[in-house]
Structures are given as structure tokens and as C-alpha cells.
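The structure appears below as C-alpha cells.
Sequential numbering from 1 along the given sequence is applied to the chain's residues. Reckoned from all heavy atoms, side chains included, excluding hydrogens, waters and symmetry mates. Here the structure is a predicted model, which is why all the values come from computation and not from measurement.
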Amino acid sequence: MPFEPDKSQPKEESSSDEPGRDGRGGTTADVSEESVRKRIRQSTPSPHRGNTPQASPPRFVSVEELMDAAKGVTNMALAHEIVVNGGFQIKPMELPQGSLERTVRDIVHKAFWDSLEAQFGEEPPVYDHAIILLGEIKEALISFLLPGHTRLRDQINEVLDLDLIKQEAENRALDIPKLANFTIGMMGTLCAPARDEEVKKLRDIKEPVPLFRAIFSVLDLMKLDMANFAISSIRPHLMQQSVEYERKKFQDFFEKQPNSLEFVTCWLQESADDLLAKDAASAASSGSLCPISVLNHAYIRLLTWDHERKPFPETVVMDQIRFQEMKLEVTQLTLLGTLLLVLQNSTSPGLSSHAAFMDRMKGLIRVLLEGVGTP
């Protein structure tokens with residue numbers, strides 16, 4: 001049952017009132033950086049796997065306490081990533097081709113859309129599934145509104161009144177093209193500028209089932225835009241409160257799991273022992289080690305950490321991927337400097353002092369070292 005939505009609909013609010021007009025279309029990360037991160041994540045063991053130190057007897061806690069603690073740590077990890085990673089964004093989840101999850105999703109989606117098309121093809125048409133979809137569209141549109149968008153909210157509630165739509169469907173008076181046209185126009189009003197082209201393409205779709213599918217696809221993108229816009233808005237506030245917030249979350253988790261910082265204790269103890277062994281005379285004269293020196297040395301040791309065999313300290317586990325990337329950079333810089341020094345000592349002074357020659361050698365060595373240190 002083909003139909004054509006109207007070709008134009010005026011904007012309902014000025015750009016100053018639109019939640020999506022504040023530059024919510026972000027940029028994606030560099031491909032090479034993402035590939036390195038992916039390889040490191042795939043090879044990163046669980047921070048609590050193997051070589052577990054002796055712990056004190058565990059305190060029995062309820063399932064509810066464990067769930068609350070896990071939820072707090074998850075929220076803390078998300079907040080930490082938003083603060084530390086200035087380019088953090090939520091991106092669409094891409095299921096691997098041929099995976100079980102993708103196969104099941106495709107089968108379920110196909111069954112639903114086939115059922116919807118079969119209902120539209122009946123005589124008279126059945127709108128049960130269509131009404132459900134319209135209700136979801138209404139909820140999605142309302143979720144994009146700010147508290148001050150009362151006029152837009154009233155328009156959505158008036159046009160997408162589900163009780164009225166059900167009555168029209170029962171009396172064979174439901175006007176799907178009109179509802180689709182209103183939905184597309186409202187999406188154009190609320191979307192970010194980066195989605196204008198996708199919304200515009202919706203008006204070229206004539207069949208109802210493909211149009212519904214395309215509408216939900218664009219709505220999903222708009223939800224991501226809104227989420228990323230919210231993240232960019234709260235980042236300055238999180239940066240101001242992040243230290244106290246993470247300290248409180250760690251304290252809450254520690255109170256429910258007193259033995260949850262075993263690896264941190266071992267990490268700091270090993271760092272202190274290492275400092276004592278290296279500078280025994282100085283430590284003996286002063287009577288104790290400086291805590292700041294121990295902490296600084298502990299963080300330096302993380303740059304050469306054996307991620308395959310040693311569990312990562314709990315308090316820095318959220319930054320384990322970053323420490324692995326820094327370790328990779330340190331390894332490559334060390335190799336680069338060593339090779340350049342050997343090259344400089346093995347060539348004639350006239351050639352080794354030539355800046356262009358050394359820059360060219362540096363570039364060639366960097367290419368040869370690409371991927372060194374990664375699994």
C-alpha cells in the first residue's frame with residue numbers, strides 16, 4: 001500500500017530551543033589507535049586471574065550488596081572514562097557477521113517486519129503492530145524534548161494519541177501517511193544538523209514497512225546523538241567532582257569487600273621493597289621511605305608491567321588499556337633511540353651529522369617498528 005508523505009513541514013521551534021542543535025555529531029577515533037586498543041583488549045587478562053595472593057577470610061555479603069557494589073563500580077568506570085577520555089562517545093554496536101547474536105537479531109527482526117507487512121496486506125488492513133510502533137515512536141520523540149518544549153510536547157500528544165489512533169483503526173479511518181508525515185517533520189525539528197540528510201531521505205520512501213524500519217533506524221541514531229550531547233554537557237561537572245566521586249565509590253566498595261585491594265597492597269609493597277633494595281643506605285639513615293617516592297616508583301613500574309602474568313592493581317585497573325599503550329610507546333621509543341645511537345656511531349661523522357639523513361632513518365625505523373610489542 002504505497003503512499004507519499006507531504007514534501008515539507010515547517011520547523012516548530014527556533015534553533016535556540018532545540019536540544020539537538022548544539023553540535024552533537026562527533027568525530028570518530030583514529031583507525032590505527034582503535035586497532036591497537038582492540039589488539040590490547042583482546043590480549044588483556046582479567047585483573048583477578050592467576051597468581052592470587054593469600055587473602056584474609058572473605059566476609060559473607062548478600063547478593064543485593066554485591067549487585068549494588070558492582071553497579072557502583074560500573075558507574076564509576078563510566079564516569080572515569082568520560083573524564084579521562086575527552087573524545088569519549090557512545091557508538092552503535094556492530095555485531096560480528098555470522099555471530100549467534102546477529103543471526104538471532106536478524107531472524108527476530110525479519111519475523112516482525114514480515115508480520116507487519118502481512119497485516120498491512122489484509123483486507124481490511126490490521127494495524128495492531130503499527131499502533132505499537134507508533135507508541136514507541138511517540139515515546140522516542142518525547143524523550144528528545146527539553147522541559148521547556150511544551151508546545152512540541154502538546155503537538156506530539158495530540159497527533160500521536162494512541163486511544164484516538166485505535167478508534168480510527170477500528171473504524172477504518174486511520175491515516176498512516178498523515179502520521180508518517182508528522183513523525184518525519186518532528187524528527188527534522190529535533191535532530192542534530194548531521195542527521196538532516198537521513199531525515200530528508202525518509203520522505204522518498206513510499207512503502208509503509210520500509211518507512212517504519214527507516215524511521216526507527218534514524219531514531220536510534222538520534223538517541224546516540226542525544227546521549228553523546230549529554231555526555232559532553234556533564235563532562236565539565238564530572239571533572240570537578242571526579243576525585244571525590246571515585247574516592248567515595250572505592251570506599252563504598254571496600255566497605256562491602258574488605259579484601260578487594262589485595263593487588264594494590266602487593267603492588268605498593270613490591271615498590272617499597274624495590275626502593276629499599278636500590279637505596280638501602282639512604283632509607284636506613286632516614287628511618288623510613290617517603291610515601292610519595294614509593295607511589296612515584298610504583299607508577300613507573302606500571303610502564304613495564306607484565307600484563308599477561310600479573311594481575312593489575314585494582315585502583316588503576318580502569319586505566320589498564322592506557323598503561324598498555326604507554327608501555328608499547330616506551331618500548332618503541334627505546335628501540336628507536338637505541339637503533340639511532342648505533343647508526344650514528346657506525347657511520348661517518350659527516351653522514352651522521354646530516355639532519356635530513358637522520359630524519360629519514362628515523363622514519364624508516366618507525367615503519368619497521370610498527371606493531372612491535374603488540375600481540
So [Y] and [X], do their side chains get closer than 4.5 Å, heavy atoms only?
X	Y	result
Leu302	Pro313	yes
Asp196	Cys191	yes
Arg153	Ile142	yes
Tyr127	Ile176	yes
Thr189	Phe144	no
Phe112	His129	yes
Phe120	Glu207	no

Mark yes when over 12 heavy atoms from residues, nucleotides or ligands other than [X] sit less than 6.0 Å from its [atom1]; otherwise mark no.
X	atom1	value
Ile292	CD1	no
Arg301	CZ	yes
Met326	CE	yes
Lys166	NZ	no

Nearest heavy-atom pair of [X] and [Y]: which atoms, and what distance?
X	Y	answer
Ala298	Leu268	CB-CD2, 4.0 Å
Thr347	Leu343	OG1-O, 2.9 Å
Leu333	Arg366	CD2-NH2, 4.3 Å
Ala130	Leu116	N-CD1, 3.8 Å
Leu145	Ile156	CD1-CD1, 4.0 Å
Leu202	Met187	CD1-CE, 3.8 Å

Problem set entry | side-chain contact (heavy atoms from CB on, under 4.5 Å) between Cys266 and Gln269, worked out | CA-CA 5 Å; Cys266 292; Gln269 185 62 54; 5.7 Å; no
For this session: Please confirm whether Lys310 makes a cation-pi placement over Trp305, using NZ or CZ under 6.0 Å from the six-membered ring centre and within 45° of the ring normal.
Result: yes
Short side-chain to backbone donor-acceptor contact, [X] and [Y], under 3.5 Å:
X	Y	answer
Glu198	Val218	no
Asp161	Asn157	no
Ser115	Ala111	no
Asp274	Glu270	no
Asn171	Ala173	no
Ser217	Arg213	no

Hydrophobic cluster membership, [X] vs [Y], 4.5 Å side-chain cutoff:
X	Y	answer
Trp113	Ile205	yes
Leu174	Leu164	no
Leu339	Met361	yes
Leu336	Leu368	no
Val104	Leu95	no

For this session: Kindly determine whether Leu160 and Phe182 satisfy side-chain contact (heavy atoms from CB on, under 4.5 Å), including the steps that lead there.
Result: CA-CA 9 Å; Leu160 297 179; Phe182 171 79; 4.2 Å; yes
For this session: Could you give me the CA-CA distance, side-chain angles and deciding distance for Asp154 and Arg151, then say whether salt bridge (charged side-chain N to carboxylate O under 4.0 Å, His left out) is met?
Result: CA-CA 5 Å; Asp154 292 341; Arg151 187 161 64 89; over 6 Å; no
Separation between [atom1] of [X] and [atom2] of [Y], rounded to the nearest 0.5 Å:
X	Y	atom1	atom2	answer
Leu134	Ile165	CG	CD1	5.0 Å
Leu179	Leu133	CG	CG	12.0 Å
Ile137	Leu219	CD1	CG	6.5 Å
Asp225	Leu190	CG	CG	12.0 Å
Phe216	His109	CZ	NE2	10.5 Å
Gln332	Glu370	CD	CD	8.0 Å

For this session: Evaluate the salt bridge (charged side-chain N to carboxylate O under 4.0 Å, His left out) criterion for residues Asp319 and Arg322: first the C-alpha distance (whole Å), next the side-chain angles of each, then the deciding distance (0.1 Å), finally the verdict.
Result: CA-CA 5 Å; Asp319 293 310; Arg322 294 183 178 88; 2.8 Å; yes
Exercise. When the ring centroid of Trp267 is compared with that of Tyr299, is the distance short of 6.0 Å?
Worked result: yes
Problem set entry | Within residues 109-124 or reaching into it, pairs that qualify as salt bridge (charged side-chain N to carboxylate O under 4.0 Å, His left out) - sequence neighbours excluded | Lys110-Asp114
For this session: Please step through side-chain contact (heavy atoms from CB on, under 4.5 Å) for the pair Leu152 and Met186, ending with a clear verdict.
Result: CA-CA 8 Å; Leu152 291 177; Met186 190 61 66; 3.9 Å; yes
For this session: Let me see the working for Arg203 and Asn181 under side-chain contact (heavy atoms from CB on, under 4.5 Å), right down to the final yes or no.
Result: CA-CA 8 Å; Arg203 299 188 180 277; Asn181 179 68; 3.1 Å; yes
Exercise. Does Glu244 have any salt bridge (Lys or Arg N to Asp or Glu O under 4.0 Å) partners at least two apart in sequence or in another chain, and if so, which?
Worked result: Arg247
For this session: Give the intermediate values and the outcome of salt bridge (charged side-chain N to carboxylate O under 4.0 Å, His left out) for residues Glu197 and Lys200.
Result: CA-CA 5 Å; Glu197 191 63 28; Lys200 183 179 179 181; 5.2 Å; no
Exercise. Can Glu94 and Arg102 be said to form a salt bridge (charged side-chain N to carboxylate O under 4.0 Å, His left out), step by step?
Worked result: CA-CA 9 Å; Glu94 293 291 340; Arg102 182 162 184 167; 5.0 Å; no
Problem set entry | Pair listing, ring-ring contact (aromatic ring centres under 6.0 Å, His included) test, anchored in residues 314-333, at least two apart | Phe312-Phe323
